[in-house]
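In what follows, chains carry the letters A, B, and so on, assigned in the order in which the sequence lines appear, proteins first and then strands, with residues in each chain numbered from 1.
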Amino acid sequence: MRFLMTSTSEQAADETLYIEMGEFIEELTKSGVLLATGGMELEGSLIRSSGGEITVIDGPFTEAKEAAGGFALIETRSKEEALEVSRRFFKILGDGEGRIQQIFG
Amino acid sequence: MTLRRSAAPGLHGSRGSALIVPMVARNAHDAIDAVWKFESARIIAGLTRMVRDVGLAEELAQDALVAALEQWPGQGVPDNPGAWLMTTAKRRAIDHIRRGERLERKHEEIAHALEQQSLEEGVDDDVLRLMFISCHPVLQAEARAALTLRLLGGLTALEIARAFLVSEQAVAQRIAGAKRTLADERVPFELPPGPELAGRLASVLEVIYLIFNEGYSATSGDDLMRPSLCLEALRLGRLLAELAPRQAEVHGLVALMEIQASRSAARTGPSGEPVQLHEQNRGRWDQLLIRRGFAAMLRAREAGGPPGPYVLQAAIAVSHAQAKTAQETDWGQIAALYGALVRLVPSPVVQLNRAVALGMARGPQAGLDIVDTLTSDPALKNYHLLSGVRGDFLARLGRHDEARTEFERAASLTHNAPERAFLLKRAATGTTRVAGVTLGQAAERFLAREDLDAETIRSYGQTLRRMCLDLGAGTPLAEVTAGKMSTVFAVVWNGAAAKTWNRHRAAVRSFSAWASVDDLSAGLARKPESRERRPSIGPPQLDALWERRDTAPREKTLWRLLHESSAAARTALSLNVEDLDLENRRGRVTTKNGPVWLSWRSGAARLLPQLVEGRTRGPLFLADRRPAPARMPRPADLCPDTGRGRLSYERAEYLFKQATRSLDPSGAGYTLHQLGRSALDRRRDSPVPR
């Protein structure tokens with residue numbers, strides 16, 4: 001099963017976070033779970049197609065409480081394993097929130 | 001911590017119906033299982049270093065898991081669940097050592113020393129050692145795969161059983177047997193020393209690729225569970241690549257698996273039928289996995305050294321992956337890579353693949369030239385793809401009559417129904433054949449004669465069916481020549497005993513006379529049937545054989561039993577578990593002449609319990625694999641637990657010959673008959689003890 005995890009955190013990354021996150025990513029890569037990962041722009045653009053017309057709205061969309069964002073594409077045996085990965089992830093990241101969605105195909 | 005689950009997530013992050021569930025309470029057991037699967041390999045590896053017994057280490061780790069299942073749902077998951085499990089397991093290990101039967105000071109010292117040790121230290125090397133142990137050559141292939149999934153993947157016996165389509169009990173027994181063998185053989189928990197490393201690593205790679213292929217080539221069974229085996233193999237491979245980063249072959253295997261896995265979605269059609277590589281929709285190939293495969297390939301190159309079999313196979317997969325369409329495939333490069341592979345792995349199947357690539361690169365004649373060198377290889381005599389490929393080259397050369405014969409032959413050899421239909425369709429496209437009696441029709445009428453007894457018809461039938469298979473049942477009888485017949489004999493029966501050869505030859509003579517055609521056996525000389533017995537196996541050779549440590553338990557037991565009982569191999573192979581009298585070292589077999597007892601001595605008696613291992617009935621000596629549906633043996637020859645068939649005499653004979661080739665001064669390898677006689681002869685030759 002593949003899952004896409006996206007997250008935003010409320011703290012800007014400091015050096016400790018970089019080191020800990022680096023180790024975590026290394027461990028996940030080593031165990032064969034992590035397929036791809038990277039940082040993510042917070043605002044982005046919203047694209048909507050309605051009645052054949054496409055509109056693009058640039059962010060931000062929320063009060064900018066978040067300071068950093070990222071994504072990870074992981075491959076696990078079960079959703080529970082994916083949740084365990086995200087638990088460990090937030091353990092390092094601190095306060096923030098994320099979304100985890102199974103990817104098909 | 002809590003986890004928000006939005007039932008209908010909006011892009012703006014509106015959570016109208018957010019469902020908030022505390023993480024642990026979702027399903028505590030599943031959550032703990034997830035933690036366990038991440039941590040178990042490291043915990044078991046660390047414990048094995050402490051207690052030096054992988055079976056005990058696993059039990060102690062399981063104790064820790066049970067403690068977690070008891071405590072976490074009530075007290076909550078600890079902050080660092082992995083460390084909690086590790087600490088708990090380590091405490092159990094120290095308790096275990098302290099409890100040791102002999103309460104000597106020494107135990108106390110060990111326990112104290114262990115308390116100072118960190119399980120985390122050098123754990124990567126421990127995991128690598130664990131991998132080498134669970135893939136140790138002393139274990140049978142299936143046991144290695146099961147034990148690896150258990151120890152390194154943290155899978156339960158039930159999960160492994162579902163993936164391999166066998167019973168949970170069978171897996172549990174396989175794992176228990178493997179642990180016992182490792183303990184009995186005192187396999188050390190060490191990285192193999194330099195000269196051994198390559199061979200032992202090859203064994204690990206073989207197990208991982210076997211797990212992958214079990215998932216990847218599954219054409220039947222539960223579709224949902226099989227991809228999970230590919231995932232397990234990929235994870236094991238990726239892990240190994242980090243633990244042994246300087247081994248090019250490890251990266252080669254990972255690259256090969258990543259790229260093969262990238263085609264998963266494209267390799268079956270809408271109704272589940274297989275889609276050949278050149279017909280796959282390349283848009284459905286998983287580009288992420290392809291890129292990962294390329295990256296692994298780069299690491300293999302960086303590791304350096306001459307390319308091994310996995311690196312070469314990966315390079316072939318990379319070449320296919322680089323072609324945007326099937327037409328853009330660089331067949332020249334692929335043919336060259338197969339050429340290099342065939343030098344390392346001189347297997348006729350690899351050679352056939354090389355022929356296909358050459359046929360694409362330089363035209364059908366180039367391919368046919370190689371295929372024609374393979375038609376005389378006995379190893380391929382029942383391999384339908386050989387005929388299929390040859391038929392394809394012939395058709396492309398416009399030699400349709402010959403192509404038809406090959407396609408028909410391929411169709412009669414394949415066990416796969418859609419494939420057979422496809423081959424028959426290809427056979428039907430081409431020119432029509434001239435009228436006249438075909439070989440098949442003539443053979444059928446010959447065998448329908450009423451003046452022959454049943455035994456003769458059975459014997460002639462074997463010969464004629466093989467003739468029809470190899471020459472094509474649809475071939476006009478007039479086109480069958482003595483020369484073609486000689487080729488059939490050379491490929492199929494050259495290695496057979498003189499008696500067998502002469503029996504088939506007699507059948508051909510009889511058939512030629514009956515059909516009033518030229519003697520088709522004209523090119524076949526009668527072989528002298530020597531009555532001279534081959535000498536039995538000498539004591540030094542026997543001692544060398546018993547001292548081998550790489551012999552699989554089944555073979556070891558069978559050989560010992562034959563040697564000690566002096567029984568005929570076929571009789572020993574027909575032993576059933578329910579007819580063993582282990583206590584009195586004997587077993588009952590029903591033969592043509594009624595029931596007989598086989599008796600053995602201490603060697604076989606010591607080995608048998610392990611081989612029986614929880615089984616209560618069915619054949620004692622089992623084949624390695626379950627039988628193909630088309631070749632289902634009698635129920636009495638099937639193991640009720642594993643579904644595997646009885647080990648055949650032919651296979652047992654082959655394995656013994658292979659194993660004793662290096663011992664036999666003639667280089668041919670000994671027969672089981674010689675083994676059975678070796679004790680008799682020695683008893684006869686030695687002075688009678690008084």
After noting the C-alpha distance and the side-chain angles of S134(B) and L152(B), does the key distance pass the side chain to side chain contact (heavy atoms under 4.5 Å, CB included) rule? CA-CA 9 Å; S134(B) 61; L152(B) 278 310; 3.5 Å; yes
Check the pair E232(B) / R235(B) against salt bridge (charged side-chain N to carboxylate O under 4.0 Å, His left out), numbers first and verdict last. CA-CA 5 Å; E232(B) 293 301 338; R235(B) 275 169 78 150; 5.3 Å; no
For R42(B) and D126(B), what are the C-alpha separation, side-chain angles and deciding distance, and is it a salt bridge (charged side-chain N to carboxylate O under 4.0 Å, His left out)? CA-CA 7 Å; R42(B) 295 159 63 85; D126(B) 286 339; over 6 Å; no
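When only modelled atom types and interatomic distance are considered, Q260(B) and Y209(B) share a side-chain donor-acceptor pair under 3.5 Å. For the residue pair T156(B) and E159(B), a side-chain donor N or O sits within less than 3.5 Å of a side-chain acceptor on the partner.
Heavy atoms closer than 4.5 Å to chain A are found in the side chain of L155(B), but not in its backbone. Heavy-atom distances place the backbone of L34(A), and not its side chain, under 4.5 Å from chain B. There is no contact between D33(B) and chain A, counting heavy-atom distances below 4.5 Å. At a 4.5 Å heavy-atom cutoff, the contact between L289(B) and chain A is made by side-chain atoms alone. Contacts between K30(A) and chain B at a heavy-atom distance below 4.5 Å involve backbone atoms as well as side-chain atoms.
Interface check for chain A: of the options R291(B), R238(B), R284(B), the most heavy-atom pairs under 4.5 Å are formed by R238(B). When each of G237(B), G153(B), S264(B), A241(B) is checked for heavy-atom pairs under 4.5 Å with chain A, G153(B) comes out on top. Heavy-atom pairs under 4.5 Å with chain B were tallied for R77(A), E75(A), M1(A), R88(A); the largest tally goes to R77(A).
In summary, R87(A) and E80(A) do not engage in a salt bridge, as defined by a charged side-chain N under 4.0 Å from a carboxylate O.
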